Visitor: 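Shown below is the structure under consideration.
We number each residue from 1, following the sequence as shown. This structure is a prediction, so every number in the text was calculated from the model and none was measured. Note that ligands are numbered from 1 as they come in the structure, with each ligand's atoms numbered from 1 the same way.
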Amino acid sequence: MAGFKAAPDATKMTSTPTSGKTQKRKRDVEATTTSTPTPTKKFKKREIQSVDEGSVKKRSKLKDRLQGEDSPASTRKESTVSAKRRKTPATNSDDREDKAGKKSKNGKRKSAEKNSGPIDETASVSSEPSSADEAEVPAEEKSTKNKHAGLLSKFERTKTAAATKAKKAKVEIEKPEEETAEPVFAKGLEPLPQPENPEELEALPTYSSLPEWLANPRRTSTKERAKFSDLGIKSDLLHILEERGYKEAFAVQSAVIPLLLDNNNNYHPGDVCVSAATGSGKTLSYVLPLVSSLKALPASRLRGLIVVPTRELVRQARESCELLATRSGLRIGSAVGNVAIKDEQKLLMRVDQVYNPATVAQRQNPGLQGGDWIDFDLEACVNEALGTNEYLPGHIQRFEPNVDILICTPGRLVDHIRYTKGFTLKYLDWLVIDEADRLLNESFQDWVDVVMGSLDSRQAPETFGPCGKFLSDMKLSMAAKPPRKVILSATMTRDISKLNSLRLANPKMVVVGAENTSEATDLSADRADASYDLPPTLHEYMVPVAEGAHKPIYLLHLLESHIKIAAASITTDDADSDTSEDSDDTSSDEDSSDSDSSDDSDSDSDSDTDSSSDSSSDSDEEADPPAKSDTPRSTVLVFTKSSESASRLARLITLTKPSLAKQIGVIVKSNKSAASRKTLSAYRRGGISIIIATDRASRGLDLESLTHVVNYDVPHSITTYVHRVGRTARAGRSGSAWTLVAHHEGRWFSTQIVNNLDGQITRSSGIDRVNVKVDKNSTTFKGYGAALEKLEKEVKMGGATKSKSK
Ligand SMILES: Nc1ncnc2c1ncn2[C@@H]1O[C@H](COP(=O)(O)OP(=O)(O)OP(=O)(O)O)[C@@H](O)[C@H]1O
């Protein structure tokens, strides 16, 4: 049979008379020859299959032998094997696997044996048929060899298993997470279709949270005019007004003066708040009634107090008061921060001798008790001991303000209330707060609280003299009439909390505005800031600046081409030398201002004539006064954002256009008021026509016949813009306001000022756009470049000099 011949080994194997173990190993060897050396399930299956085939053949052989063909020994052996084999197909798959496992183990052992020696698989197969040789190897040696090979193969297996495991783990780690994370789909959670948002209607409040007097002010048109004589003004004052050239009362004066002149002694006629445009004549509207209502007394008493934010305004208000009080005998005083308080006390206060034997007797009592220390005056004590006091017997010293009207800044007012002996507001009839929004917005040493506290002290029984004390002892209280308060601004606040801090009594609000803007200026809208009127004679222009660095050139172009500033007719060479002199002058002015300031304090009343030291230097500036012509001279006030920018710009213009050098003055925030005073007086005399200033000059400053305002730097708020441009177009005169707008300033300027989105500005016409082209080949441009270099050197030199002097 060919089939049997093809597999002779198997038959040989089964017929070899060896032990069971040897037989098993031989079977394994056979298996390894027919399959891959690695024991796998497939291999096991195949092995089982081949074994089964063998057993079927053997079973048929056994059948044949049972029929008497084979020997009994071989039959017995075959039966043993077949018994084992017979079991195999009957077992379940697990058993089959177990068996296969065992077989594969043996197979592995065999393969390990092969690996341990240089015997390849084919060699082992070829050696198989010589089962006789194998039988010759001692059984013990063989089992030891197998044991070692098994151990080695086990070790090898463990090693490969560990390596595979590590490799698997690595692959698992490297696997991206998204492979495991299944995507989540929102099913049934789609957003529900929504209805379109309803159109938002701006609901107008049906009521106002403002009090009635603020919600419904008294309105007056700017066109309203009245005769001063019809307003109940005394003849002597009418005469002064006429002399001054004031023919008729402006709108604000026509509305406010009658209200304030109603000053009945029996009741409080009510406080007045005034909102009117810049340059509309608000100063006169309160100074006239104030001066008119006060009568000169043998001994002055402080009855009128005017509070303004800056020294320049103190001087201005004082001038107005002095003008109207010329023949009244009223004493006017001022208090500003640049003078030593001691000097000011000497000017403002007087010492009266009052007969008061009780106090004298008390003072002669040597022991000081409790509260006596509070009133203890060391100077008086020393004078008394030295006998230098020139008191009448039984008299004491009493300090009293020696002015009827005091104009002051809030900070210095607080100083006097706190530190000046005898300074009192107990006789106050008028309290005027000009530029009120600014004064209420800033603390100024809590001036409102201090002033209100001082006014409260008026209710003390001592205020009413011996009668007051007597009535107080009888538990009968007396109340002093509160002073009449007048609150004014061109940008009046409607912030009720701020206005309440002034404790207004029965107040009225007077608003002066254009006729057709009553809706725009609707004060019933609950806004802290109302609409602000610009003067109707004001023309506004906007000049876009392509490159911020070239702003000075734009300004020069404006000055020359549009504003038409008359330059002094000096040659360039002269101008150069003049420029340096001028700068020296400026510094010397600044230096000398400290000494000037003491002069100021001595001569507060003659603030215009006090600058005798200035006049010598001014006389140089007046060497080239502008030639008189029929057309009014052009004058300009340029606003910058800081003192430093103002000084630098002034120098830059001087260097670039030396012909303008003598036309320029500077007003900056500084303790040295002499410099700005000098600038203002030079302007008034016609010596200069360009003033470069910070916002210090934006409020209240009344520069006579100023024709132009230039916002070199865009203002930081709407109110600042209103006050700045309001320095021109005053008292019905025409004026122009120019704003240089660089790229980064454009957005705010166009929304808030040009388009007036908040509706806070009320103007009679729009803002015109003026395009200026900078010619880079022009002499001005080249001169500007050279001026910048020169300025840089000057700054470096200045720094070096400063560090040297340190
Ligand atoms: N009745 C009048 N006739 C002519 N000129 C007047 C009259 N009243 C005031 N003036 C002049 O108008 C100018 C502006 O007045 P004033 O300074 O009082 O304005 P203002 O309303 O206080 O301005 P601001 O809000 O800027 O302080 C002054 O030069 C003043 O002399």
Visitor: Could you tell me whether K508 atom NZ has more than 12 heavy atoms of other residues or ligands within 6.0 Å of it?
Guide: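 Enclosed.
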Visitor: Is it the case that R494 places NZ or CZ above or below the six-membered ring of Y532, under 6.0 angstrom from the centre and within 45 degrees of the axis?
Guide: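 R494 over Y532 ring: no.
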Visitor: One residue to check: E248. Relative to ligand 1, which of side chain, backbone, both or neither has a non-hydrogen atom less than 4.0 Å away?
Guide: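 It is the backbone that touches ligand 1; the side chain stays farther off.
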Visitor: For ligand 1, is any non-hydrogen atom under 4.0 Å from A277's backbone (N, CA, C, O), its side chain (CB onward), both, or neither?
Guide: backbone
Visitor: Compute whether any side-chain donor of one residue and acceptor of the other, for S497 and N500, lie under 3.5 angstrom apart.
Guide: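 Side chains of S497 and N500: no pair found under 3.5 Å.
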Visitor: Considering only the protein, which heavy-atom contact is closest to atom 23 (O) of ligand 1, and what is its distance?
Guide: G279 N, 2.8 Å
Visitor: Is any NZ, NE, NH1 or NH2 atom of the basic residue among E745 and K641 found under 4.0 Å from an Asp or Glu carboxylate oxygen of the other?
Guide: no
Visitor: So, are E442 and R438 salt-bridged, with charged N and O less than 4.0 Å apart?
Guide: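 Yes.
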Visitor: Using a heavy-atom cut-off of under 4.0 Å, does the side chain or the backbone of Q253 touch ligand 1, or both, or neither?
Guide: side chain
Visitor: Considering non-hydrogen atoms of the protein only, which is the closest contact for atom 25 (O) of ligand 1, and what is the distance?
Guide: K282 NZ, 2.7 Å
Visitor: Identify the protein heavy atom lying closest to atom 27 (O) of ligand 1, giving its residue, its atom name and the separation to 0.1 Å.
Guide: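 Checking every protein heavy atom, the shortest distance to atom 27 (O) of ligand 1 gives G700 CA, 3.3 Å.
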Visitor: What protein heavy atom sits nearest atom 6 (C) of ligand 1, and how far away is it?
Guide: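 The answer is F250 CE1, 3.4 Å.
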Visitor: Under a 4.0 Å heavy-atom limit, does D702 contact ligand 1 with its side chain, its backbone, both, or neither?
Guide: side chain
Visitor: Please report whether ligand 1 has a polar contact with G281, defined as an N or O pair separated by less than 3.5 Å (distance criterion only).
Guide: yes
Visitor: Using side-chain heavy atoms (C-beta onward) and a distance below 4.5 Å, is W213 in contact with L504?
Guide: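 Yes - at least one pair of side-chain heavy atoms lies under 4.5 Å apart.
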Visitor: Which residue and atom name correspond to the protein heavy atom nearest atom 26 (O) of ligand 1, and how close is it?
Guide: R730 NH1, 2.8 Å
Visitor: Side chain, backbone, both or neither: which part of E435 comes within less than 4.0 Å of ligand 1 when only heavy atoms are counted?
Guide: side chain
Visitor: Against ligand 1, does S280 come closer than 4.0 Å with any heavy atom?
Guide: yes
Visitor: How does F228 reach ligand 1, by side chain, by backbone, by both or by neither, if only non-hydrogen atoms under 4.0 Å count?
Guide: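 Under 4.0 Å from ligand 1, F228 contributes side-chain atoms alone.
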Visitor: So, are K282 and D434 salt-bridged, with charged N and O less than 4.0 Å apart?
Guide: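 No.
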Visitor: Which ligand 1 atoms are under 4.0 Å away from a heavy-atom of R727?
Guide: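 It comes down to these atoms of ligand 1: 26 (O).
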Visitor: What is the nearest protein non-hydrogen atom to atom 22 (O) of ligand 1, stated with its residue, atom name and distance?
Guide: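 Checked against all protein heavy atoms, atom 22 (O) of ligand 1 sits closest to T283 OG1, 3.3 Å.
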Visitor: Check whether any side-chain heavy atom of F228 lies under 4.5 Å from a side-chain heavy atom of L284, and answer yes or no.
Guide: yes
Visitor: Which residue, T283, I433, L290, V314, forms the side-chain contact (heavy atoms from CB on, under 4.5 Å) with I306?
Guide: L290
Visitor: Check this for me: does any side-chain nitrogen of one of D404 and R331 sit under 4.0 Å from a carboxylate oxygen of the other?
Guide: no
Visitor: Among all protein heavy atoms, pick out the one at the shortest distance from atom 11 (C) of ligand 1; state its residue, atom name and that distance to 0.1 Å.
Guide: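 The answer is A731 CB, 3.9 Å.
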Visitor: Hey, are D437 and R699 close enough for a salt bridge, meaning a charged N less than 4.0 Å from a carboxylate O?
Guide: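 Salt bridge between D437 and R699, a charged N being under 4.0 Å from a carboxylate O: yes.
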Visitor: For atom 31 (O) of ligand 1, what is the closest protein heavy atom, and at what distance to 0.1 Å?
Guide: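 Ranking protein heavy atoms by distance from atom 31 (O) of ligand 1, first comes Y246 OH, 2.5 Å.
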